Amino acid sequence: MKDYWEKLPDFLQNPDPSIYRSNNYTYVDFETTNIDKGDPNNPSNSIVLAVWIIGADHPGSQGKPVLKARWGNEFELEELVRDIEQSDYFSAHNAKFEYGWLKRCGLDTPNHLAWCTQVGEYVLAGNRKWGQMCSLEKALQSRKMGGKDSHVGKLMKNGVCPSEMPKSWLKKYGKIDVLKGHDLMLRQRREIFKEGLHKTFFTHMLFTPVLNAIESVGMCLDKDRVTAVHKKFADELRGYARELDEITGGINTGSPKQMAHFLYREMKFAIPKDHRGKELLNKPSEDWPDGVPHTNADAIAKLKGRTKKQKRFLEIVAKHNKLKAAMSKSLDKFLDCVNETEDGILYANLNQTRTVTHRLSSTGKHYKAQFQNFDRRFKPLFKARNSGWLVGEADEGQLEYRVAVYLGQDKAGLYDITHGVDAHGFTASIIFKEEWEACGGDRKTPEGKRARTASKAHTFKPLYGGHSGTPRQVAYYDAFREKHQGISNAQKQWISEVYRNKRLTMETGLVFYWDDARLNRNGKLIRPDGRPVDQSVCNTPVQYLATGEIVPVSVVYLFHLMRAANMESFLVNTVHDSAIAEINPTEKELFNKISVLSMEDIIYWYLKTMYDIDFNVPLEAEVEVETHWADNPDWQKEYLAA
DNA sequence: AGCGTTAGCGCG
DNA sequence: AAAGCGCGCTAACGCT
């Protein structure tokens, strides 16, 4: 492993944000053809114009910044590539985009650090919404640095391809863009260092080229499996749809309006209530002045059928709606993809600057399948694109729980983690006391298994400030707080801090703000949209440290170590607490080893080195490698059996 | 026809 | 008045 480590770029062996104080940089902006917003992964796109500035301390400049512009495609930009290779880092607004193009220009992108001004805006924003639409334009405006050349900008917005514009206009636009972007970078750099955000910013920037690499390869569907499962679901759906039509007379069960009318007026079901006896209602409409009763799966599960017809209806309507959703949100698209494309590969954008907790989000490209919420049942529809290869998944077990235990220095939690105590068993022993005691707390018995499974939904709810429910559930939430006093005290402290200062500073330097929240009559702090602040304050530090720092860092090192080891295997996705890869079978053991190293020891080391955090709670990587993503015999039996 | 909003539901 | 958190996508719906 040591050999591989020593092949890593220096900014990973010795991560140090002070490299950004250097004025040996290259600020770059491309004007490209405009298919899919200039997506560098689309081979039909090309660069039209490159404009860049080398910084004052660049070997090619004589003590002051130099502006350069070149017409031409990605094969004619050797000078730009050379300038970046001689820089300590390059800079751009939305550097993930430039990484994609620079790769096409021949730059070995993962070895080059960037300063992305869009990520800079996002880090400065913390969790504030305006940070999530951090266009260059907005960033300039908020600093009163003026806008961009609006004339050419308008043409671009209206779909005119830069390759069709008069060269003089485009060049002027490109130069202004780069000059202003460069000014923004310098100004933002002062702000980020002054606010103490440089460490987390640096960490964010390690992730950017890795995200570009991951999203550019996509995920590969297994045509045979997709076809078979699609048919199975379509057949089942048709049967249910016909039966439902007969019962309802042909209403659309996916329409909350039609369903509410049918359930609560026509069939005269009582409107279901929550544990407090309060009716479950959505916003009022013309037909329902008190609120439209819920028609979702939870509400339907609470209804009691009396007649045979009613019973059958309740039995199948939720199943039907679920099947319909599975078809429209997954299987139809998967089938289109395997039928319409040669290789059956799905692509998505991995968005680094969208979420309030600084975890990733993703947006599906052509087939609109986002990479963070694939239905678990359909993961085994993904295979490796090379024949004989495997799909591996490495995930951080119980990550958010362990992070909460760390943040609260929670003794009971640490004991349970180090001794392998089952958290759901504790939940079951309270919420399902009788059943649990009857089976002696043995989760292998049918009763024990049932109680434990039903408990899972409640176990970690208190981690995020949840406290209400049935008397049994409330008893568990109380018991959790009593048991995990470290976590409870940390939560109380965060909440009181936010009530005092409307902000919370993480150990990494990142600041979260609730400054638009207002006190209500009961002295509760409420966000502008009406939701309370307390729970989000409990959630934010945990979700951020776990999925906004720890997993990104582990994925970064996993990616680079795989490269350093000259592995043919490659990463294809990352989902909050996991990384997914296509694996050459000869590299299976190595993938396993590198995953564990990246998700455990390297994290402790990085958090200490970068943030002086002593992460004294063990992390545990779990690695699975199969022919398909999350594949197993039970799944095959259920979904592929003839 | 196109837009934004709502309900519902998938993921961690 | 009370409410576990964070996302993106579809269909329905109401509006222009």
Side-chain angles (χ1 to χ4, degrees), chain A residues 127 132 251-260 274-278 280-287 291-300 318 321-333 348-351 354-364 367-379 395-401 403-404 457-469 473-474 476-477 480-481 491 512 520-522 524 526-527 529-544 546-548 551 573-578 630:
Chain A
N127 58 340
Q132 290 166 60
I251 67 159
N252 180 351
T253 59
S255 156
K257 197 181 162 209
Q258 293 178 41
M259 268 290 271
D274 68 9
H275 58 87
R276 251 184 241 84
K278 210 189 70 163
L280 296 170
L281 302 174
N282 289 320
K283 296 208 166 159
S285 73
E286 218 168 288
D287 290 350
V292 185
H294 289 193
T295 59
N296 60 23
D298 282 350
I300 290 169
N321 287 353
K322 216 177 137 138
L323 274 172
K324 213 169 126 187
M327 290 295 282
S328 65
K329 292 178 76 170
S330 304
L331 295 173
D332 284 345
K333 304 175 193 194
N349 284 315
L350 299 176
N351 311 316
R354 185 142 311 164
T355 68
V356 296
T357 57
H358 286 232
R359 58 162 48 177
L360 283 183
S361 88
S362 77
T363 315
Y367 293 100
K368 292 285 171 217
Q370 71 140 333
F371 275 23
Q372 317 268 312
N373 74 339
F374 286 124
D375 191 317
R376 268 189 292 266
R377 292 172 297 170
F378 303 145
K379 286 182 179 177
D395 72 77
E396 289 272 20
Q398 297 180 312
L399 179 61
E400 292 196 355
Y401 175 53
V403 165
H458 307 285
T459 301
F460 295 123
K461 192 165 149 181
L463 264 190
Y464 308 128
H467 47 77
S468 77
Q473 290 164 4
V474 170
Y476 165 70
Y477 303 145
F480 181 97
R481 276 191 293 276
Q491 291 176 337
F512 291 109
N520 72 0
R521 265 168 285 154
N522 307 318
K524 281 276 166 208
I526 307 291
R527 289 185 272 185
D529 62 9
R531 290 176 303 155
V533 155
D534 293 30
Q535 289 91 338
S536 89
V537 172
C538 293
N539 173 268
T540 298
V542 178
Q543 192 174 108
Y544 159 64
T547 61
V551 170
N573 196 3
T574 167
V575 190
H576 303 318
D577 64 356
S578 69

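Below, read A as the first sequence line, B as the second, and so on, with proteins coming before strands; counting in each chain starts at 1. Predicted, not measured: the structure shown is a model, and the values here were computed from it.
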Going through the checks in order, is the ring-ring contact (aromatic ring centres under 6.0 Å, His included) test met by A/F480 and A/F460? CA-CA 9 Å; A/F480 181 97; A/F460 295 123; 7.3 Å; no
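- The shortest side-chain heavy-atom distance between A/K324 and A/K329 does not fall under the 4.5 Å cut-off.
- For the residue pair A/N349 and A/T363, no side-chain donor N or O sits within less than 3.5 Å of a side-chain acceptor on the partner.
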Would you mind building the protein contact string for nucleotides 9-16 of chain C? One character per nucleotide, 5' to 3', B for base within reach (heavy atoms under 4.0 Å), S for sugar-phosphate only, - for untouched. BSSSSS--
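- An OP1 or OP2 oxygen of C/dG8 is reached within less than 4.0 angstrom by a side-chain nitrogen or oxygen of A/R354.
- Annotation: side chain of A/L360 is not in contact with side chain of A/F371 (no heavy-atom distance under 4.5 Å).
- Nearest nucleotide to the A/K379 side chain, out of B/dG12, B/dG8, C/dC5: B/dG12.
- Each of A/H467 and A/S536 lies near DNA chain C, and the nucleotide nearest A/H467 is the one positioned closer to the 5' end.
- A/D577 places its CG atom 6 Å from the C1' atom of B/dG12, with the value rounded to the nearest Å.
- Among B/dG12, C/dC7, B/dG8, the nucleotide with an atom closest to any side-chain atom of A/S361 is C/dC7.
- Of the candidate nucleotides C/dA1, B/dG8, C/dG4, B/dG8 has the atom lying nearest to any side-chain atom of A/N282.
- Regarding A/D375, its CG atom lies at a distance of 10 Å from the C1' atom of B/dC9, rounded to whole Å.
- Checked against C/dG8, C/dG4, B/dT6, the side chain of A/K283 finds its nearest nucleotide in B/dT6.
- In this structure the side chain of A/K524 never reaches within 4.5 angstrom of the side chain of A/P532, judged on heavy atoms.
- When the nearest nucleotides of DNA chain C are assigned to A/H275 and A/L360 by heavy-atom distance, the more 5′-ward of the two goes with A/H275.
- At whole-Å resolution of the value, CZ in A/R531 and P in C/dG4 are 13 Å apart.
- B/dC9 atom P lies 22 Å from atom CD of A/Q372, rounded to whole Å.
- The structure places OG1 of A/T357 at 7.0 Å from CG of A/N539, a figure rounded to the nearest 0.5 Å.
- Remark: the A/D375 side chain and the A/S330 side chain contain no N/O donor-acceptor pair separated by less than 3.5 Å.
- Atom CG in A/N127 sits roughly 10 Å away from atom P in C/dG6 (whole-Å rounding).
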Let me check I have this right: for DNA chain C, each base becomes ., (, ), [, ] or |, based on Watson-Crick or G-U pairs with both distances under 3.5 Å. What is the full string? ....||||||||||||
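- Atoms CG (A/N573) and P (B/dG12) sit 11 Å apart, rounded to a whole Å.
- As judged by a 4.0 angstrom heavy-atom cut-off over every strand, A/A297 is placed among residues touching the sugar-phosphate backbone only.
- Each of A/N252, A/N296, A/I300 was evaluated against A/M259; a single residue qualifies, A/I300, per the side chain to side chain contact (heavy atoms under 4.5 Å, CB included) test.
- Put simply, OH on A/Y464 is 13 Å from P on B/dG12, counting in whole angstrom units.
- Applying the side chain to side chain contact (heavy atoms under 4.5 Å, CB included) test between A/H467 and each of A/K461, A/Q473, A/Q535 identifies A/Q535 as the sole match.
- The CG atom of A/L280 sits 13 Å away from the P atom of B/dA7 (whole-angstrom rounding).
- Side-chain proximity of A/R527 to the nucleotides C/dC5, B/dG8, C/dA3 is greatest for C/dC5.
- Within the nucleic acid shown, A/S578 has no heavy atom closer than 4.0 Å to any nucleic acid atom.
- At C/dG6, none of the side-chain N or O atoms of A/T355 fall inside 4.0 Å of OP1 or OP2 (strictly under the cut-off).
- Within the 4.0 angstrom heavy-atom criterion, base atoms lie near A/G530.
- Of the candidates C/dC5, C/dA3, B/dA7, the closest approach to any side-chain atom of A/P532 belongs to C/dA3.
- Using bins of under 30°, 30° to 60° and over 60° for the plane-to-plane angle, the ring pair A/F512/A/Y544 lands in the perpendicular bin.
- Contacts of A/L281 with the nucleic acid, taken as non-hydrogen atoms under 4.0 Å apart, are absent.
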